[in-house]
Amino acid sequence: MFARAERGETLEVTRHNKVIAVLVPGDEEAGRYAELAASGRAHFRPRRPGPPLPRYEVETDIDPLQALLDERDEDYR
């Protein structure tokens, strides 16, 4: 998906046929929101800093995605 956005494509992410996110190319996103803010149709609040993101050390012979999926599965047991 990220490679497609880098090539200029806008992607809609759906769950159960409902759009839950829109992935847009970086330069396009700034222009779209800047126009909404300038027209007064959008107001942006500064993001509050959240907790630091966890860091994962993954051995080179392990697929990082699979390691995250395995950890997630352990959380639901």
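These numbers come from the heavy atoms of this one structure, side chains and all, not from hydrogens, waters or symmetry mates.
The two atoms that bring R4 and L11 nearest to each other are NH2-CD2, 3.5 Å, heavy atoms only.
By the 4.5 Å heavy-atom criterion applied to side chains, L68 and R72 are not counted as neighbours.
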Run the side-chain donor-acceptor check on residues 17-25: report pairs under 3.5 Å with partners two or more places apart or on a different chain.
none

